[in-house]
Every structure is written in C-alpha cells, then in structure tokens.
*Asks:* 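Just dropping this structure here.
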Amino acid sequence: MAPRSEEAWAWFAAVYQAVQEIPHGHVTSYGHIARLVGRPECPRQVGVCLKHLPSPSAEGSEQDPEWHSGNVPWQRVINSKGCISPRGPGGAERQAAALRAEGVEVTRGHLGEYFIDFSAYGWFPDMLPSEAADVEG
DNA sequence: GACATGACTACTG
DNA sequence: CCAGTAGCCATGT
C-alpha cells in the first residue's frame with residue numbers, strides 16, 4: 001500500500017534509498033536508517049516502510065524507479081541490538097538466510113534469535129551505535 | 001473517526 | 001540487566 005500523503009511517500013522513498021545505500025555484505029539498524037532520512041526518532045516507521053515494501057516487478061514494468069524487495073536490500077536492516085526479531089514464522093529465517101547469502105555471518109541465539117556482529121558487518125558511515133561499543137568483546 | 005498493534009530506539013529508575 | 005515511557009506512521013477492527 002502506498003502512502004496517502006505525499007510527505008509520507010517522500011519518507012518511504014527516503015527510507016528505501018537509504019537502505020539501498022547499504023553496501024553488499026554489510027548491515028545496519030532501523031535507527032540508523034531513520035537517522036539518515038532525518039527521522040532519528042522514527043525507527044518504527046522504517047520498519048513500516050520495509051513491511052510495506054512491494055514485491056519485485058513480475059511483469060517487467062521497469063519504467064519508474066519503483067521500490068521493491070528486489071532492489072531494496074531490506075534484509076540488511078536489523079534492529080539496533082544486532083538481532084532479528086521473530087516477526088513471523090520463517091520471516092527471521094528468510095532474512096538471516098539472505099544475509100548469509102551475502103557473506104554475512106549470522107549467529108543463532110538461545111531462543112532462536114539471529115545475531116549479527118555489528119563490529120564485523122555493521123555499516124555506520126555517520127556514527128557508531130552505542131551497542132557496537134558493547135558488542136565488542 | 002477512534003483504539004490497538006507493529007520489522008524500533010533512547011532515556012530513566 | 002529489566003521494565004516503563006515517549007515519539008512517528010500505517011494497518012486492521
């Protein structure tokens with residue numbers, strides 16, 4: 001579903017663009033994306049954008065730079081804790097698998113949580129997450 | 001239209 | 001370290 005307000009649409013596009021800027025084999029957090037788009041206090045909306053990320057053009061409508069799960073590496077976006085929340089049965093697995101497919105080493109938590117080492121794959125061109133300092137070691 | 005929920009994060013006690 | 005709170009937007013009932 002596309003946003004109703006143009007401002008909201010701009011926000012969506014900004015998020016997708018920021019996500020596309022994530023280099024291959026690296027990951028970042030929702031908070032960082034929100035920060036890049038100028039909304040450091042709206043990490044939730046970032047998740048909403050990815051959640052509503054449309055599917056890749058199946059009919060070949062490559063006329064406009066539309067955002068879809070094919071050109072937006074939503075998989076490289078995880079929470080600030082460096083782990084993937086069990087949003088759904090198989091959802092986290094899909095993201096973890098996608099990251100591994102890029103060469104990102106995904107660890108497994110005791111509760112089945114997928115952990116990613118920010119210190120190794122964290123992509124933070126602007127600043128470093130307080131967690132990164134803690135994750136070290 | 002209003003309330004509750006969700007792929008989140010930082011601060012406070 | 002764990003629990004509660006404030007902030008934004010979209011979706012479902």
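Model, not experiment: these values are computed from the prediction. Residue numbers start from 1 in every chain, and the chains themselves are labelled A, B, ... in the order their sequence lines are given, proteins ahead of strands.
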*Asks:* Figure out the CG/P separation between A:Leu50 and B:dA7, and round it to whole Å.
*Replies:*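 Value for this atom pair: 12 Å.
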*Asks:* Round to the nearest Å and state the distance from A:Tyr30 atom OH to B:dG6 atom C1'.
*Replies:* 11 Å
*Asks:* Determine whether A:Phe118 and A:Ile78 make a side-chain contact, defined as any pair of heavy atoms from C-beta on separated by less than 4.5 Å.
*Replies:* yes
*Asks:* According to side-chain contact (heavy atoms from CB on, under 4.5 Å), who are the partners of A:Ser69, at least two apart in sequence or on a separate chain?
*Replies:* A:Leu53, A:Pro56, A:Trp74
*Asks:* How would you list, by chain and number, every residue that makes a side-chain contact (heavy atoms from CB on, under 4.5 Å) with A:Ala18, sequence neighbours excluded?
*Replies:* A:Ile33, A:Leu36, A:Val37
*Asks:* Which residue pairs pass the side-chain hydrogen bond (donor to acceptor under 3.5 Å, both in side chains) test when at least one of the two sits in residues 84-104 of chain A, sequence neighbours left out?
*Replies:* A:Gln75-A:Glu102, A:Arg76-A:Glu102, A:Arg87-A:Gln95
*Asks:* Can you name the side-chain contact (heavy atoms from CB on, under 4.5 Å) partners of A:Glu113, sequence neighbours left out?
*Replies:*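 If we apply the side-chain contact (heavy atoms from CB on, under 4.5 Å) test to A:Glu113, skipping adjacent residues, the hits are A:Pro86, A:Leu111, A:Phe115.
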*Asks:* Rounded to the nearest Å, what distance is computed from the NZ atom of residue A:Lys81 to the C1' atom of nucleotide B:dA7?
*Replies:* 13 Å
*Asks:* Rounded to whole angstrom units, what separation is found between the CD1 atom of A:Ile78 and the P atom of B:dG6?
*Replies:*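 A:Ile78 atom CD1 is separated from B:dG6 atom P by 21 Å.
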*Asks:* Strictly by side-chain hydrogen bond (donor to acceptor under 3.5 Å, both in side chains), give each pair with a member in residues 14-26 of chain A just once, sequence neighbours left out.
*Replies:*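 Residue pairs passing side-chain hydrogen bond (donor to acceptor under 3.5 Å, both in side chains), neighbours aside: A:Gln20-A:Asn71.
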*Asks:* Please state the P separation for the pair C:dT13 and B:dA7 - nearest whole angstrom.
*Replies:*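 After rounding to an integer number of Å, I get 15 Å for this pair.
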*Asks:* For A:Pro40 and A:Leu53, find the nucleotide of DNA chain B closest to each by heavy atoms; which residue's nucleotide sits nearer the 5' end?
*Replies:* A:Leu53
*Asks:* Starting at NZ of A:Lys51 and ending at P of B:dT5, how long is that distance when rounded to a whole Å?
*Replies:* 13 Å
*Asks:* Look for any protein N or O under 3.5 Å of an N or O in nucleotides 5-9 of chain C and output each such pair with its distance, or none.
*Replies:*
{"from": "C:dG7", "atom 1": "N3", "to": "A:Glu41", "atom 2": "O", "distance (Å)": "3.4"}
{"from": "C:dC9", "atom 1": "O4'", "to": "A:Gln45", "atom 2": "OE1", "distance (Å)": "3.2"}
{"from": "C:dC9", "atom 1": "O2", "to": "A:Gln45", "atom 2": "OE1", "distance (Å)": "3.1"}

*Asks:* Rounding to an integer number of Å, can you tell me how far A:Ile116 CD1 sits from B:dC8 P?
*Replies:*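 Rounded to the whole Å, the gap is 14 Å.
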*Asks:* Nearest whole Å is fine: how far is C:dA10 P from A:Arg87 CZ?
*Replies:*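 Distance check: A:Arg87 CZ to C:dA10 P gives 20 Å.
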*Asks:* For nucleotides C:dT5 and B:dA4, find the distance between their P atoms and express it as a whole number of Å.
*Replies:*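 About 14 Å, rounded to a whole number of Å.
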